[in-house]
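I have a structure I would like to understand better, so I am pasting it below and will then ask my questions one at a time.
Numbering of ligands and ligand atoms starts at 1, following listing order.
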Amino acid sequence: MDHIILGIESSCDETSAAICINGKIRSNIIATQSIHKSYGGVVPELASRSHQKNIVPVVHEALAKAEISPYKINAIAYTRGPGLLGSLLVGSSFAKAMALSLSIPVIPVHHMHAHIFSHFIEEPHPEFPFLCLTVSGGHTQLVRLDDFDKMTIIGQTQDDAVGEAFDKCAKLLGLGYPGGPQVDKLAQTGDPLRFTFPETEMPGYDFSFSGIKTAFLYFLRDEVRKDEHFIENNLNDLAASIQHTLINMLLKKLKKAAKHEKIKSVGIAGGVSANQGLRRSIEGLAQENKWQVFIPKFEYCTDNAAMIALTGFLRYKSNNFGQLTDSPLPRMIF
Ligand code: KG4
Ligand code: ZN
């Protein structure tokens, strides 16, 4: 018998639905909300209104693309948290209502677990123990996986997430939101060693990204005082140099953790893992350290429902279901 899972993701500003059949993704539809661009960041109220508008057509399209009737679905997996409350409410209410009408179970999923499980969407899968650097707009975590249900955070940011640092530095350069992909693009033709910025040292495997953002702000302020066209005349080098520093801060800890934990199977996940510079650098480190490195396909790096559907499939096999009374958890514990 086929196991068919509908996955729904609505934690931030992406409305997404996906169909997973026996562990294989058949469709993954993502509606990106462009309305936030003019505000320079995600406006929570506008995000939840857009989710309300998008959720029905996105689910319809996911079903149509997978050529699946809703009556064939065995369970609905949805993001329970962490995320914006108004956004989570739309996806979770829709998932529960649809499950109730079809008399099928719901599977609440932790958004960051799903980012990690994006490594199991396609072959080859990582072997356990596996070390995953999860880098997104809200999180920066080093997670050790010894099994699907045995995950430990061994290091994390004590302040800003690295995606937030990318976005804030981009804003200081006058780039639009989200800034990460724009820094990435400009950095490709810039000199990463032209400018250096102080890296905050943290104990163990922890990170801190708030200091670098302030250092970047003061550096730009001082240079612009000397030359008002400093930013526009050095844009690519500035993007490449700040990106180089952020990547270095991430990879230093990944290297340290892989060595001390004696793990050779490593990966990156989350929105920032779409970064070309990070992807190239980790490939280089993998060759140097004889790691087996795992990088999700581009469409599975940023927020998507394929990772929710796949996590749902893994939970479905172990009868790990939720209740219709479960409410969204904006600060869901890992
Ligand atoms: O995982 P994600 O889509 O949403 C959250 O769960 O937060 O991550 C979004 C973050 C944003 O900060 C965005 O700027 C960053 O991922 N991002 C990138 C790139 N693509 C997305 N950062 C650097 N380079 C990229 N190519
Ligand atoms: Zn995410």
Determine the sole option in F313, F130, F148 for which the ring pair (Phe, Tyr, Trp, His ring centres under 6.0 Å) test with F117 is passed.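 Exactly one candidate clears the test, F148.
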
Are there more than 12 heavy atoms of other residues, nucleotides or ligands under 6.0 Å from atom CD of Q188?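 It does: Q188 CD has more than 12 such atoms within range.
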
Protein residue, atom and distance nearest to atom 26 (N) of ligand 1, heavy-atom basis: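 The protein heavy atom lying closest is D184 OD2, 2.8 Å.
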
Can you tell which part of H115 has a heavy atom less than 4.0 Å from ligand 1: side chain, backbone, both or neither?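 Only the side chain of H115 comes within reach of ligand 1.
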
Out of V135, N275, N304, whose heavy atom sits nearest atom 24 (N) of ligand 1?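 Residue with the shortest heavy-atom distance to the ligand atom: N275.
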
For A274, atoms of ligand 1 separated by under 4.0 Å from a heavy atom: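 In order of number, 20 (N), 26 (N).
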
Residues forming a salt bridge (charged side-chain N to carboxylate O under 4.0 Å, His left out) with K53, sequence neighbours excluded: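 Once residues adjacent in sequence are excluded, K53 has no partner under the salt bridge (charged side-chain N to carboxylate O under 4.0 Å, His left out) criterion.
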
Measure from the ring center of Y78 to the ring center of F94 and say whether it is less than 6.0 Å.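 No: the rings miss the under 6.0 Å criterion.
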
For C12, state whether at least one heavy atom is located under 4.0 Å from any atom of ligand 1.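 Not so, C12 does not reach ligand 1.
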
So, for G91 and I55, which heavy atoms are closest and what is the spacing to 0.1 Å?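 Nearest heavy atoms, G91 then I55: CA-CD1, 4.3 Å.
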
Distance from atom 22 (N) of ligand 1 to nearest protein heavy atom, with residue and atom: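 Residue, atom and distance for the closest contact: G180 CA, 3.4 Å.
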
Distance only, no hydrogens: is a donor on one side chain within 3.5 Å (strictly under) of an acceptor on the other, for E283 and S281?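 Result is no, nothing qualifies.
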
Please report which non-hydrogen protein atom sits nearest to atom 10 (C) of ligand 1, along with the residue it belongs to and the distance in Å to one decimal place.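 Looking at atom 10 (C) of ligand 1, the protein heavy atom closest to it is G137 N, 3.5 Å.
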
Show me which atoms of ligand 1 lie under 4.0 Å from any heavy atom of G138.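 Listed by number with element: 7 (O).
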
Does the N or O separation between P178 and ligand 1 drop below 3.5 Å for any pair?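 No, no N or O pair falls under 3.5 Å.
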
What's the shortest distance from atom 3 (O) of ligand 1 to any protein heavy atom, and which residue and atom give it?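 I find the closest protein heavy atom is D303 N, 3.1 Å.
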
At less than 4.0 angstrom from any non-hydrogen atom of H111, what atoms of ligand 1 do you find?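 Ligand 1 atoms under the 4.0 Å threshold to H111: 6 (O).
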
Beyond-backbone contact of K226 with F230, side-chain heavy atoms, under 4.5 angstrom: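 Counting from C-beta outward, K226 and F230 never come under 4.5 Å.
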
Would L186 and V224 show up in the same hydrophobic cluster when neighbours are defined by side-chain heavy atoms closer than 4.5 Å?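 L186 and V224: one cluster.
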
With heavy atoms under 4.0 Å as the rule, classify the contact between Q276 and ligand 1 as side chain, backbone, both or neither.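 No part of Q276 is near ligand 1 at this cut-off.
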
Where G271 and T302 come nearest, the two heavy atoms and their spacing: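 Heavy atoms of G271 and T302 come nearest at CA-CG2, 3.8 Å.
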
Is it true that a side-chain atom of R315 and a backbone atom of I107 form a donor plus acceptor pair closer than 3.5 Å?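 No, R315 side chain to I107 backbone: no donor-acceptor pair under 3.5 Å.
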
Give the residue, atom name and distance (to 0.1 Å) of the protein heavy atom nearest atom 14 (O) of ligand 1.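 So the nearest neighbour among protein heavy atoms is D167 OD1, 2.6 Å.
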
Which of parallel (below 30°), tilted (30 to 60°) and perpendicular (above 60°) describes Y205 and H260?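 Geometry flag for H260 against Y205: tilted rings.
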
Any idea which protein heavy atom is nearest atom 15 (C) of ligand 1, and the distance to it?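 I find the closest protein heavy atom is V272 CG2, 3.9 Å.
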
Heavy atom of E14, distance to ligand 1 below 4.0 Å: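 It does not; every heavy atom stays at 4.0 Å or beyond.
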
Take the Zn ion (ligand 2) as the centre and count protein N, O or S atoms at distances under 2.8 Å.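 If we list every protein N, O or S atom nearer than 2.8 Å to the Zn ion (ligand 2), we get 3.
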
Under 3.5 Å, is there a donor-acceptor pair between the side chain of R80 and the main chain of M332?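 Judged by distance alone, no pair lies under 3.5 Å.
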
Closest protein heavy atom to atom 17 (N) of ligand 1, given as residue, atom name and distance to 0.1 Å: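 Looking only at protein heavy atoms, the one closest to atom 17 (N) of ligand 1 is G271 O, 3.6 Å.
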
Step through it carefully: locate the ring centre of F334, locate the ring centre of H113, and say whether they are under 6.0 Å apart.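 Yes; H113 has its ring centre under 6.0 Å from that of F334.
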
Would you say that more than 12 heavy atoms from the other residues, nucleotides or ligands in this model lie under 6.0 Å from the NZ of K264, or not?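 More than 12 heavy atoms, drawn from other residues, nucleotides or ligands, come within 6.0 Å of this atom.
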
